[in-house]
Amino acid sequence: MNAQAPALRDPRLNRPEPLTPPLGDGGFFQRDRSIHPPAHAPGYKSSVLRSPRQSLLSLEGSVSEITGPVFGHNDLGPLDNDLIRNYAKDGDPVGERIIVHGRVLDETGRGVPNTLVEFWQANAGGRYRHKKDTYLAPVDPNFGGCGRALTDDTGYYYFRTVKPGPYPWRNYVNSWRPAHIHFSVFGSGFAQRLITQMYFEGDPLIPVCPILTTIPDQDALDRLVAPLDLNASAPFDSLAYRFDIVLRGQRSTYFENRTAGN
Amino acid sequence: MPQPLNYLKETASQTAGPYVHIGLIPAMAGFDIFEKNFSNVLTTPNTEGERITLEGKVLDGTGTPLRDVLLEIWQANASGRYNHPADRSAGALEQEFRGWGRAGSDFESGLVTFETIKPGAIVDKAGRTCAPHINVWIVARGINIGLNTRLYFSDEETANAADPVLNLIEQPSRRSTLVAKRSERGGKVVYSFTIHLQGPEETVFFDV
Ligand SMILES: [Fe+2]
């Protein structure tokens, strides 16, 4: 661990009021698949053989879908949300120091509390610490490239890292990924499970990325681009980017029609 | 103009990519970073129920196993109770059994395994009994939005025949895409499954 790096502090200026949404046991709002990439998106070649061709079978939320795993602080270590320190061996990782912060909300606008958010990324040169990544940019001895956080009671999360670099990949001969951070989010029910990617405001590779442009809806695409958030930056230390994540909303159960005896 | 409803829109999904292991199971990417790691072992020595190994592959449209796929499973305990506050059924809760695990496929063979217990039958909100099953979520490079499916058990023929979800599947032949086959190997119970992403045997995937 590196003793020089200052401790990571909560970058919020004003904490929003805590919200503890009532725990509904209704199903989730119907997923609007028109804002998601289709399974079969030929411009992203890997999807061609890995996309189901039959219709999905629609299930109204049963107990199997409205429930999901519950995580707690016991599952995490103290440096899990600090990618500048969680793999540092003899110094800080190379790259632009950044804070990424935001809220996990549901479609009703309520914060999703105590939910697990996991993130992973390439280093500043665009290289992943992964045995299958052979890009010629070097691995950074002080950078692992992954972390995780539990949202607080308002759905808020934050972590510190270095800005990932773009990297080339085999789709077309000259395909490059825009700088991005992968996110995995749970929510309260397994039907809210989501993996996505966060991009950075102003990146010129965004409009030409074969993966990003699988998204058919421009507004949905724009919502994956995190703006620079100067107000949350740490002066003389780190810039900040803001990334809110929206999971499916949950129907309330105003009128119960429960079978007696169970 | 009527009042606006002002719902937010769900964040769009993006593929987990080829390096999903870094974030979710870093040991498979080739390094050790977290003090505590999630795994494909759901049981502890105290877990109630019959110990089972789930073992299977995910095949692409050519029948080739995916060797960079990640599966998560979510299941009830042996009493049919999910470890979640929204499950208000009568089965006994076991705090130590989270009921969730994740596994990456082997980089050579594509084999995915979980060590868990066979879940009990589930009583849904309407009071219907559902056959024992395990919920599965699949992500990988080339999968643009996580795929939801289920695994049922081949030795539960009667319960499967009455299951409300299996009965939603119009073609009986497609129901069998969700049934894992029981066998015994060296005194251990193994349930084997194959998930076909495409083709004549395409697995039934759900819009949950
Ligand atoms: Fe990536």
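Just so we're on the same page: letters track the sequence lines, and every chain starts at 1.
When heavy atoms are compared at a cutoff of 4.5 Å, A:Phe183 does not approach chain B at all. Residue A:Ser184 touches chain B through its side chain alone, counting heavy-atom pairs closer than 4.5 Å. In this structure, no portion of B:Val69 lies under 4.5 Å from any heavy atom of chain A. With a 4.5 angstrom heavy-atom cutoff, B:Leu168 touches chain A via backbone and side-chain atoms both. With a 4.5 Å cut-off on non-hydrogen atoms, A:Asp217 does not touch chain B at all. For chain B, the nearby part of A:Glu118 is the side chain; its heavy atoms alone come within less than 4.5 Å. In this structure, the portions of A:Ile211 lying under 4.5 Å from any heavy atom of chain B include both its backbone and its side chain. Both the backbone and the side chain of A:Ile245 come within contact range of chain B, judged by heavy atoms closer than 4.5 Å. Using a 4.5 Å cut-off between heavy atoms, A:Ile181 does not touch chain B at all.
Here the shortest heavy-atom pairing between B:Tyr82 and B:Ala76 reads CE2-N, 3.3 Å. Taking every heavy atom of both residues into account, B:Phe31 and A:Gly144 meet most closely at CZ-O, 3.7 Å.
Ionic pairing of B:Asp163 and B:Arg128 is not present here: no N-O contact between side-chain nitrogen and carboxylate oxygen is shorter than 4.0 angstrom. Of the charged side-chain nitrogens involved, at least one lies within less than 4.0 Å of a carboxylate oxygen, so that B:Lys9 and A:Asp32 count as a salt-bridged pair. Using a 4.0 Å cut-off between a side-chain N of Lys or Arg and a carboxylate O of Asp or Glu, B:Glu72 and A:Arg193 qualify as a salt bridge. Checked for salt-bridge contact, B:Glu10 and A:Arg31 meet the test: a charged N lies under 4.0 Å from a carboxylate O. Salt bridge status for A:Asp80 with A:Arg148: present, with a side-chain N to carboxylate O gap under 4.0 Å. With respect to A:Asp75 and B:Arg98, a salt bridge is recorded, a charged nitrogen being found less than 4.0 Å from a carboxylate O. A salt bridge links B:Arg150 with A:Glu65: at least one charged nitrogen is closer than 4.0 Å to a carboxylate oxygen. Salt bridge B:Lys181/B:Glu156: absent, no basic N to carboxylate O contact under 4.0 Å.
Per-residue counts of heavy-atom pairs under 4.5 Å with chain A were compared for B:Leu197, B:Ile22, B:Asp60; the largest is that of B:Ile22. Each of B:Trp74, B:Phe38, B:Phe206, B:Trp137 has some count of heavy-atom pairs under 4.5 Å with chain A, and the biggest count is that of B:Trp74. For the set A:Gly189, A:Ser55, A:Ser51, the count of heavy-atom pairs under 4.5 angstrom toward chain B peaks at A:Ser51. Of the listed residues (B:Arg102, B:Gln75, B:His133, B:His196), the greatest number of heavy-atom pairs within a distance under 4.5 Å of chain A belongs to B:Arg102. With chain A as the partner, the residue from B:Phe107, B:Phe34, B:Tyr7 showing the most heavy-atom pairs under 4.5 Å is B:Phe34. Comparing A:Val48, A:Asp219, A:Asn86 by heavy-atom pairs within less than 4.5 Å of chain B, the highest count is held by A:Asn86. Annotation: maximal heavy-atom pairing with chain A below 4.5 Å, among B:Asp87, B:Asn83, B:Asp32, B:Leu66, occurs at B:Leu66. Your options are A:Gly77, A:Ser47, A:Pro52, A:Gly147, and the one with the most heavy-atom pairs under 4.5 Å with chain B is A:Pro52. Looking only at heavy-atom pairs under 4.5 Å with chain A, the residue among B:Arg174, B:Arg141, B:Glu35 that has the most is B:Arg141. Counting heavy-atom pairs under 4.5 Å between each of A:Ser62, A:Pro37, A:Ala39, A:Gly145 and chain B puts A:Pro37 at the top. For the set A:Leu212, A:Thr108, A:Leu76, A:Leu247, the count of heavy-atom pairs under 4.5 angstrom toward chain B peaks at A:Leu212. When each of A:Leu221, A:Val185, A:Asn74 is scored by its heavy-atom pairs under 4.5 Å with chain B, the top score falls to A:Asn74.
A donor-acceptor pair under 3.5 Å is formed between the side chain of B:Ser154 and the backbone N or O of B:Arg182.
Applying the ring-ring contact (aromatic ring centres under 6.0 Å, His included) test between A:Tyr128 and each of A:Trp120, A:Tyr135, A:Tyr167 identifies A:Tyr167 as the sole match.
Under the 30°/60° scheme for interplanar angles, the aromatic rings of A:Phe159 and A:Tyr157 are found to lie parallel.
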